[in-house]
Novice: 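First the structure, then my questions, so here it is.
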There are 2 protein chains.
Amino acid sequence: MNENDKPDSAACSAHHMAIRDTMDILAGKWKIPIIGTLSFGKKRFMVLIASIKGIAAKMLSKELQELELNGLVRRTVLDTKPVTVEYELTEYGHSLRPIINEMASWGKQHRERIMK
Amino acid sequence: MNENDKPDSAACSAHHMAIRDTMDILAGKWKIPIIGTLSFGKKRFMVLIASIKGIAAKMLSKELQELELNGLVRRTVLDTKPVTVEYELTEYGHSLRPIINEMASWGKQHRERIMK
DNA sequence: CGGCATCCAATTCGATACTG
DNA sequence: CAGTATCGAATTGGATGCCG
């Protein structure tokens with residue numbers, strides 16, 4: 001075979017792009033903690049701030065918006081005074097479960113591996 | 001129960017840390033393309049540069065070093081003149097397969113979903 | 001309460017030039 | 001061939017203050 005023009009190079013790029021899509025959606029310092037926290041159920045903005053140790057309002061807001069844009073999180077504004085906003089994982093958000101579990105178990109093994 | 005001291009908060013953090021470990025190892029613009037390319041077999045530095053569209057030598061070098069530090073890639077210097085260096089995935093590198101496949105299939109679905 | 005605007009520090013990435 | 005060194009642009013994340 002010649003050089004860099006393998007028959008599967010196009011399919012391969014698509015593969016990489018798909019993986020990159022997933023990584024991008026989960027990228028950002030707080031995405032995983034947010035998803036993890038919401039996986040236990042619906043939570044208000046302030047509760048998320050309190051639950052996710054170290055996060056600033058700006059970052060929580062920003063990453064929630066990105067998750068909402070990607071259809072992983074649903075935002076509901078309640079008509080109270082002052083306003084209350086609730087966030088929850090959508091069905092689609094929950095569909096990340098397998099991949100998140102996979103990453104968790106690999107990461108856990110990895111940590112054990114580098115400890116010894 | 002008190003306030004922020006839920007019984008599962010520690011376990012939950014550990015979970016997030018494990019996921020974060022995995023994400024960190026795979027983080028960086030070129031890690032996935034590099035791993036993907038090496039998954040077909042051993043390759044020289046220049047071949048990687050040519051195979052991975054758009055990567056600069058500096059970034060390839062840097063991300064290969066990170067992958068090597070994490071035990072995912074093995075670097076072999078051949079005693080030729082001038083030097084030849086080969087890179088390949090270790091067993092451990094190949095162990096990422098399931099998680100990479102999982103991400104690829106989720107990302108693929110996601111792309112189809114947002115297209116329609 | 002739930003944000004947005006602004007400013008600032010740190011990090012990431014790319015282009016270019018140089019070395020053993 | 002296989003890198004390293006240096007610089008600068010762009011992006012990311014944090015702190016603070018203001019607003020409906």
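Reminder, nothing fancy here: chain letters follow the sequence lines and each chain counts from 1.
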Novice: Closest approach to the side chain of A:Val83, judged atom by atom: which nucleotide of D:dG3, C:dC13, D:dG20 is it?
Specialist: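 Comparing D:dG3, C:dC13, D:dG20 against the side chain of A:Val83, the answer is D:dG20.
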Novice: If you check the A:Met46 side chain, which of D:dG3, D:dG14, C:dC1 turns out closest?
Specialist: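 Nearest to the side-chain atoms of A:Met46, counting from C-beta on, is C:dC1.
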Novice: Take the protein atom CG of A:Leu78 and the nucleotide atom P of D:dG20, then report the distance between them rounded to whole Å.
Specialist: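 The answer, rounded to whole Å, is 22 Å.
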Novice: Just to be sure I understand the rule, does A:Lys81 reach a base, reach only the sugar-phosphate, or reach nothing, if contact means heavy atoms closer than 4.0 Å?
Specialist: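 Nothing, no heavy atom under 4.0 Å.
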Novice: Which nucleotide, D:dG3, C:dC1, C:dG3, lies nearest any side-chain atom of A:Pro82?
Specialist: C:dC1
Novice: To the side chain of B:Gln65, which of C:dC13, C:dG2, D:dG3 is closest?
Specialist: D:dG3
Novice: Of the options D:dG13, C:dC4, D:dC1, whose atoms approach the side-chain atoms of A:Glu63 most closely?
Specialist: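 Nearest to the side chain of A:Glu63 among the choices is D:dG13.
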Novice: The side chain of A:Phe45 lies closest to which of these nucleotides: C:dG2, D:dG3, D:dC1?
Specialist: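 Closest nucleotide among those given: C:dG2.
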Novice: Can you tell me how far C1' of D:dA10 sits from NZ of B:Lys29, to the nearest Å?
Specialist: 11 Å
Novice: Output yes when B:Glu66 and B:Lys31 qualify as a salt bridge under the 4.0 Å nitrogen-oxygen rule, no when they do not.
Specialist: yes
Novice: Can a salt bridge be assigned to the pair A:Arg74 and A:Glu88 using a cut-off of 4.0 Å between side-chain N and carboxylate O?
Specialist: yes
Novice: Counting only side-chain heavy atoms from C-beta out, which of D:dG14, C:dG2, C:dG14 sits nearest to A:Val85?
Specialist: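 In terms of side-chain proximity for A:Val85, the closest of D:dG14, C:dG2, C:dG14 is C:dG2.
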Novice: Would B:Arg44 and B:Tyr87 count as a cation-pi pair here, with the cationic atom under 6.0 angstrom from the ring centre and within 45° of the axis?
Specialist: no
Novice: Identify which nucleotide among D:dA2, D:dA15, C:dG14 has an atom closest to any side-chain atom of A:Lys58, counting heavy atoms from C-beta outward.
Specialist: D:dA15
Novice: Do B:Lys116 and B:Glu112 sit within salt-bridge range, that is, some charged N less than 4.0 Å from a carboxylate O?
Specialist: no
Novice: With a cut-off of less than 4.0 Å, is there a side-chain N or O of A:Lys62 near OP1 or OP2 of C:dG3?
Specialist: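 It does not, given that no N or O in the side chain of A:Lys62 lies less than 4.0 Å from OP1 or OP2 of C:dG3.
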Novice: Taking the side chain of B:Arg44 as heavy atoms from C-beta outward, which of D:dG13, D:dG3, D:dC1 is closest to it?
Specialist: D:dC1
Novice: Counting the atoms with a prime plus P, OP1 and OP2 as sugar-phosphate, which does B:Glu86 contact under 4.0 Å by heavy atoms, base, sugar-phosphate, or nothing?
Specialist: nothing
